[in-house]
Amino acid sequence: MRYSRPPSTMGTRIHGLLRWIVFVGAFASALATGSVGLADEPVAGSPANYVLHLADGGFVAGKFRETDRPGMLRWQGNAFTSPFDFNLKSIDTMQAPAPTQVVVPEGAFRIELSGGDVVFGTLVMLDDKEAELDLPRIGRLRIQRSHLLRLERWQGRADLVYLGPTGLTGWTPSPDGGPKAWREESGALMTDQEGASITSDIPLPARAVIEFELSWKNQPDFVLTLGGVGLRGGDVKKEENPFRFEVWEQELVVQRETPKEADVASLGKLDAGPGHVHLRVYFDDERGRLIVDSPDGKPLAELNVAASKPHVLAGFQLENKKGDVRLERLEITRWNGELLREPLPDGPNLRRTDGSNLSAKGIRFDAESKSFVVSEGDKESRIPLDETARLTFSHLTEIPARPINLLLQEGSRLSGDLVGVVKDALMLKIPGVEEPVRLPIDRLRSLVANHSQDASVANPPSTPRLEMDGVRLIGRLVDGKSESGVSCLTWQPNGSATASTLLAGMASGRILYKEPAPVTVTAPRVTTIREGNRVQVVNAPFVIQPIPPPQPAAPQGGLQGFIMAFAGAAQGRPAVASPTKADVGANADTAAPGRRALYLRTGDIIPAEVTKIDEKGVTIRTSHSKDAFVPHEKIKAVELSEEPIIPVRLNKAKRERLLTLPRVQKGSPPTHLIRSKNGDYLRGRVVGMDEKSLQVEVRLEVKTLPRDRVARIIWLQAEDLEAGKDPALQQQEPAKIDEELLVQALRKDGVRLTFTPDRFEGDTLTGTSRVLGECRVRLDEVDQLLIGKAIEKEAAQLTFQRWLLTDAPEPKVTEDDGGGASGGGGSSGLSSPLVGKPAPDFSLEQLGGKTFRLADAKGKVVVLDFWATWCGPCLQAMPQVEKVTGEFRDQGVMLVAVNLQESPKEISAMLERHKLNLTVALDKDGAVAEKYKANAIPQTVIIDREGNVTRLFVGGGPHLGDQLREAIQATLGGPDAKKTPVSGGTDPKEPAK
């Protein structure tokens, strides 16, 4: 790289600010010349959608409430019965929703006041002591002359190209950063995601003045590109040789590089921590010239690097390399070539629209003649208002920080002391203004409280913490009692002088008392897997698991111990959490923790011994309390073993088969999965259980199993079957919870208790469990307290809740058009991928009780006909299949009609009605049809004497008999083996329907 001159060292040190937020103009021009299109009428946000952010990282959605207490903000949360009274020291920001249309400022002038305040309006009066301004929707404002810094003509400006940003509108984040990499804060654009960039197709004139402000909370590392970037077809495109502002090892530089030359200039060092930079840039792209000044006109750098092919560049891009960055302000105007470097005068300075300047000792406004009267000694001159471009006054020095800053939708920003809230407005006491200023709430865009540098950076959220939709509040529960429509959960956030009670109908979330434990990676371990009588030793993969606490509290065994664990009397055998999807995956059958427990559909986990199961429900027992009865509809699973059971990992196919309901069982679906200690599963309906045995009905036959061999029973509820049909329903709760507010206390050891709370006193929450009756929970024993519908969502993710029975899919029926066999087999029956490969072996029960095994038929030609009684084309094709196979019976050809998941009664009735005499094999669960890919029926498969598939036809039709005859002859190796197939079949290329 060749530098045309050494890097510039001109400039001043850019210091971090105590408060990183600097309010920006969140508005844009609707002028016809080059401005972006905006709405003529303002659209206000709804106060109920405002979000108050606290200094400790919390937030709560809601609205303002009236108060006359200075320095205090009264806030009504949407989910609470009464407002919170927050001290301003505890507040960070208040954000209003962005208006759907950008609000255009009204008034002839943009007026800058002390403290960085900006308003839009009309000048009514001006003398050497004070000024009177008329501000739309705010009213008349009388301000001391010393607090008036600048009046700049707003209406009628033909040089304005862009003024913003006004949120994300018109900006495109980089796709790799994700949709939420950038967010809007008080109209500004902010990101803390490494590598995130944002681009806008801002029209950049050939000569422009660009003024921008950037801020950050941490060490800055960003690149800002002027020109040379844009959006084409949704992608960001970069031209060569743009000017770039970027950070080089804590130093802000501006640089440009072309194939022929390059130049770079330093703009100053950046302090560590929060900071802010405000620059004015003069951009002449045709000449390759860039001049950088401070806002007050002090020169900082100048680059002269012409592009190889001069052309006007457009676009603007900001990229965050590391840390965070915030685009506060971006203003682009056309440049007439004149540098705005007039020094701030001791007295006022007036700039005319023709570019000339006039300084004077005194200036006043004559409202009658609509002109400024400029005095220099005894000499006076009048400058008409419509010939005035800018009026500049001396700046105040050493302005103390003001408690709050307010940003309005049209871009006005005002700061001062909050003295109250009345009806629909905030009352703000502004320095230099005698009376409090009334600011309409519906015009508010944001409120920011000013704190010290340490307080400006929010602390990470701590506990206890209330988390709900639109709520994250660090604080504590205070004493309360349930009343009609109101819960006993009363929350007092940090920084609030008042507490408020949750509305029962709106409360859904959790109270977090202990942060989740960190995770660690353990080494591979040897695991024994048993499937039936086969044992396999494998190396299990790395497992991520929580680091257990040093000495976890353990509940006393049984029901009473479960209740006493929450009351603080934790003794006996510890319980272990039910695994979730994140722990073991959807297809895993994990080892039981070695405890007897009852799992409810609400997610409750109750350590208890199951003593009895009957047709009504389950009875649990403990030596410390009376028996408790739980009806079937409330139960999801029970663990019966005190010893850990052997884990078995089910592959996807096995799990789906286990949870698929055959059509033959639709009228009487199984209601339970019984898991033996060695890993076997049995599907059926539990009839009863006592201390010695378990009675299970399987296919209308009751079987008796020794209880000591049963490890687990999972309930397959009717609602589960409906959820299995619709994946969307799987995200809902397995058991509906009615309108009354419920809470679920959850310990780290996995014990869960759901109950209706009615009182909180001290550190104990009391209420009533639908299963256990009256219960008491000590919150110092709880990791988190789930509230309302959050219980349902949490329960739906537990392992047992994910065991859902689903109906077997109905095979498609080929639609015959009279052309013969159709679909996957084609007219020749050779196009199926099964042809030429060994036929999948199987064993099926036959109609009448015998068993057919394909392996026993080796040496014969076997024709399999997959069918169902409800399939019309199947019944039309079957007589042809039976007739043709009968012609070859003496040559060792046999027909087996494989029925898909129907009852023997249905099959026998159909055979008798159609006078058919067939060997029928019962594919009760569809497993054999799956092996032969019988997704459409009728399907006819021919298997040779060596057990290989030679032909496969899908569909029927009048020519199926001829095609089947030729295929059998070819399989037998007869004289017609090489005969061309009969014409008239369906095109082999046409797929099965």
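Here, residue 1 is the first one in the sequence, and each next residue gets the next number.
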Output yes when a side-chain donor or acceptor of [X] lies under 3.5 Å from a complementary backbone atom of [Y], and no otherwise.
{"X": "S508", "Y": "A790", "result": "yes"}
{"X": "E902", "Y": "D923", "result": "no"}
{"X": "Q880", "Y": "G957", "result": "yes"}
{"X": "K677", "Y": "D708", "result": "yes"}

Hey, does [Y] have a side-chain heavy atom less than 4.5 Å from the side chain of [X]?
{"X": "I943", "Y": "V861", "result": "no"}
{"X": "L694", "Y": "T704", "result": "no"}
{"X": "L705", "Y": "L682", "result": "yes"}
{"X": "V881", "Y": "K883", "result": "no"}
{"X": "V863", "Y": "V941", "result": "no"}
{"X": "V696", "Y": "H672", "result": "no"}
{"X": "I613", "Y": "I713", "result": "yes"}
{"X": "E697", "Y": "R685", "result": "yes"}

* **Test applied, side chain to side chain contact (heavy atoms under 4.5 Å, CB included); reference residue, L640; option that passes from R596, R712, M689** =>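 In the set R596, R712, M689, the residue that makes a side chain to side chain contact (heavy atoms under 4.5 Å, CB included) with L640 is M689.
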* Name the orientation class of the two ring planes belonging to F866 and Y932 (parallel below 30°, tilted from 30 to 60°, perpendicular beyond 60°). =>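 Plane angle between 30° and 60°, so tilted.
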* **Aromatic ring pairing F852/F842, orientation class (parallel under 30°, perpendicular over 60°, tilted between)** =>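 F852 vs F842 ring planes: tilted.
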* Test log, rule side-chain contact (heavy atoms from CB on, under 4.5 Å), inputs E701 and K703 -> CA-CA 6 Å; E701 179 183 352; K703 299 179 179 292; 4.1 Å; yes
If I compare all heavy atoms of [X] with all of [Y], which pair ends up nearest, and what's the gap?
{"X": "L922", "Y": "L847", "answer": "CG-N, 4.2 Å"}
{"X": "L895", "Y": "E882", "answer": "CD2-CA, 3.9 Å"}
{"X": "Q695", "Y": "S693", "answer": "NE2-OG, 2.6 Å"}
{"X": "V949", "Y": "L834", "answer": "CB-O, 3.4 Å"}
{"X": "G603", "Y": "Q744", "answer": "C-NE2, 3.8 Å"}
{"X": "F800", "Y": "K636", "answer": "O-CE, 2.7 Å"}

Starting at [atom1] of [X], measure out to [atom2] of [Y] and round the result to the nearest 0.5 Å.
{"X": "H914", "Y": "M910", "atom1": "NE2", "atom2": "CE", "value": "6.0 Å"}
{"X": "L960", "Y": "M878", "atom1": "CG", "atom2": "CE", "value": "11.5 Å"}
{"X": "T940", "Y": "D865", "atom1": "OG1", "atom2": "CG", "value": "4.5 Å"}
{"X": "E633", "Y": "L600", "atom1": "CD", "atom2": "CG", "value": "11.5 Å"}
{"X": "T950", "Y": "I942", "atom1": "OG1", "atom2": "CD1", "value": "5.0 Å"}
{"X": "Q846", "Y": "R853", "atom1": "CD", "atom2": "CZ", "value": "10.0 Å"}

Crowding at [atom1], [X] (>12 non-hydrogen neighbours, <6.0 Å):
{"X": "K931", "atom1": "NZ", "result": "yes"}
{"X": "D856", "atom1": "CG", "result": "yes"}
{"X": "R913", "atom1": "CZ", "result": "yes"}
{"X": "D690", "atom1": "CG", "result": "yes"}

Carboxylate-amine/guanidinium contact [X] [Y], below 4.0 Å:
{"X": "R752", "Y": "E794", "result": "yes"}
{"X": "E887", "Y": "R965", "result": "yes"}
{"X": "K850", "Y": "E845", "result": "no"}

* L952 vs Q939, side-chain contact (heavy atoms from CB on, under 4.5 Å): CA-CA, chis, key distance, verdict -> CA-CA 7 Å; L952 188 150; Q939 174 171 297; 3.8 Å; yes
* Less than 6.0 Å separating the ring centroids of Y599 and W803? ->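 When the ring centroids of Y599 and W803 are compared, they turn out to be at least 6.0 Å apart.
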* Give a yes-or-no answer on whether the side chains of D604 and T754 include a donor-acceptor pair shorter than 3.5 Å. =>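 Their side chains do contain a donor-acceptor pair, which is all the 3.5 Å distance test asks for.
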* Ignoring hydrogens and angles, state whether a donor on the side chain of T869 or E906 is under 3.5 Å from an acceptor on the partner side chain. =>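 No.
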* Let me see the working for Q901 and K924 under side-chain contact (heavy atoms from CB on, under 4.5 Å), right down to the final yes or no. => CA-CA 4 Å; Q901 304 182 41; K924 295 181 180 180; 5.7 Å; no
* Does the pair I937 and L900 meet the rule for a side-chain contact (heavy atoms from CB on, under 4.5 Å), with working shown? -> CA-CA 10 Å; I937 55 175; L900 302 187; 3.9 Å; yes
